[in-house]
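Residues take their numbers from the sequence shown, with the count starting at 1. Source: prediction; values computed, not measured.
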Amino acid sequence: MKQFNDENFLLDTEVAQDLFHNHAAKMPIIDYHCHLIPEMVANDHKFKSITELWLGGDHYKWRAMRTNGVDEKYCTGKDTTDWEKFEKWAETVPYTFRNPLYHWTHLELKTAFGITKQLSPKTAREIFDECNEKLQQPEFSARGLMRHYNVECVCTTDDPVDDLRYHKQTRESGFEIKMIPAWRPDKAMNIEKPEFADYIKQLAAVADVDIKSFKDMVDALQKRHDFFAENGCKLSDHGIEEFYDEEYTDTQIETIFAKAMSGQSLSDFEVRQFKNCFLTIMAEMDADAGWTQQFHYGAIRDNNTKMYKQLGPDTGFDSIGEFTTARAMSRFLNKLNMEDKLTRTILYTLNPCANEVIATMLGNFQGGEPGKIQFGSGWWFNDQLDGMTRQINALSVLGLLSRFVGMLTDSRSFLSYPRHEYFRRLLCNILGNDVEKGLLPNDQEVLARMVEDISYNNAKRYFKFY
């Protein structure tokens, strides 16, 4: 029987162990999609407790706690202490067996704090106190944790109206780890939202553009896009329920925009026309700037409107008809490709039924550079052993796994970098098992290069951040 979370955790074979310890583990981290708060990096935030660092903003843990019957005040409440929140999390952890949270929790305790005990009600106070004591040391600040995990670059997620002051502050401070903004214009796309008109007024003020038409809005976004580029941005991201292929004319889009700005309701078809037009224009901007674009699709957000009002979005899952989505995706990518406006693209899906759809779709539009169109790693609820394995297998049999740009945290936490280790261990184990079964030759040079490329080298070459 193997010991839980030992040095060969998830590594079943000698080949896997060699690949991880001698190759994958030593590679730096390029975390090309995350939700870190830039201010925390700029000011080298010191965490007052493990609760702030671990539970603050972590919707994964909150979901598990709620499922375990924990009252909301211990998740997001303001009238409970850090210890009370931590205690409720510790009570929940033993119930997370076979949930990735159990692995993540103990990897984070081990790699950040050197704690190998399992978290439970019995060990909660001891672990709470030990973590809090260590958090007083300078190496456990926001920047210190990034250094500890050998992070080389992170890409935050930023709205077009953001002033990027903290990115600039971080650059000018001489911090050796790059923090690069990523363009996320979802609020300008979501014309059906009641707050759309107010957001456009905010965009107008920041861009110093009098927005009276859709064309004006595009001009304002172009100004902000240029501003982001001047501040090092080379990557965009879009959170969409699905792809769109509804035909439209410029006149129709102007009419739809005017209706939204005056508070009139829009039909579903008009919303889809607008989003198709909007995403096309954003893709063209990215292509002209030489950026990479990302599409996270399949999340149906804002399901629990009571909770949404308290916490914001990101609480949904998807069951879209994949044939319709695949057809729209194909038409969208083809339109850009025909106009020579299809830049480097990463596609992520929340619906694992779409894995083969995406893996095959990539091959329709490749060319010009290795792995130009990427199948993004298992995202959100697929960010676990089963989901990542299925993504890797689909990409392997239908594309070129060797050209994959690898893992990202998609997290708000400075303790989430072990997700890269988790992914790398899984990758090495899959390859090691294939060698063990005779499905791959035991060519150590080729295997080592493949692992190092997927862990780091491919992303560095692909994104062209520096």
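Checked against a 6.0 Å centroid threshold, the rings of His420 and Tyr149 do not count as neighbours. Aromatic ring centroids of His21 and His23 lie 6.0 Å or more apart. In this structure, Phe113 has its ring center closer than 6.0 angstrom to the ring center of Phe140. Aromatic ring centroids of Phe243 and Phe295 lie under 6.0 Å apart.
Salt bridge Asp453/Arg403: absent, no basic N to carboxylate O contact under 4.0 Å. Between Asp410 and Arg419 there is no salt bridge, since no side-chain N of the basic residue sits under 4.0 Å from a carboxylate O of the acidic one. By the 4.0 Å N-to-carboxylate-O rule, Arg425 lies close enough to Glu421 to be salt-bridged with it. Glu339 and Lys335 are not joined by a salt bridge, as no carboxylate oxygen comes within less than 4.0 angstrom of a charged side-chain nitrogen. Between Arg449 and Glu452 there is no salt bridge, since no side-chain nitrogen of the basic residue lies less than 4.0 Å from a carboxylate oxygen of the acidic one. Ion pairing between Glu139 and Lys134 fails under the 4.0 Å rule for side-chain N and carboxylate O.
Donor-acceptor pairing under 3.5 Å is recorded for the side chains of Glu152 and Tyr456. Checking Thr80 against Lys85 by side-chain atom types alone, a donor-acceptor pair falls below 3.5 Å.
Using bins of under 30°, 30° to 60° and over 60° for the plane-to-plane angle, the ring pair Trp54/Phe86 lands in the parallel bin. Below 30°, between 30° and 60°, or above 60°: for Tyr102 and His106 the angle between ring planes is between 30° and 60°, a tilted geometry. Ring geometry, His296 versus Tyr348: the interplanar angle falls under 30°, so the pair is classed parallel (tilted spans 30 to 60°).
Pairing each heavy atom of Arg344 with each of Gly290, the nearest pair is NH2-O, 2.9 Å.
The closest side-chain heavy-atom distance from Gln118 to Ser120 is not below 4.5 Å. Within the 4.5 Å cutoff, side-chain heavy atoms of His33 are placed close to those of Arg184.
Atom CD of Glu436 has 12 or fewer neighbouring heavy atoms from other residues, nucleotides or ligands inside a 6.0 Å radius.
At least one donor-acceptor pair closer than 3.5 Å links the side chain of Asn132 to the backbone N or O of Ile50.
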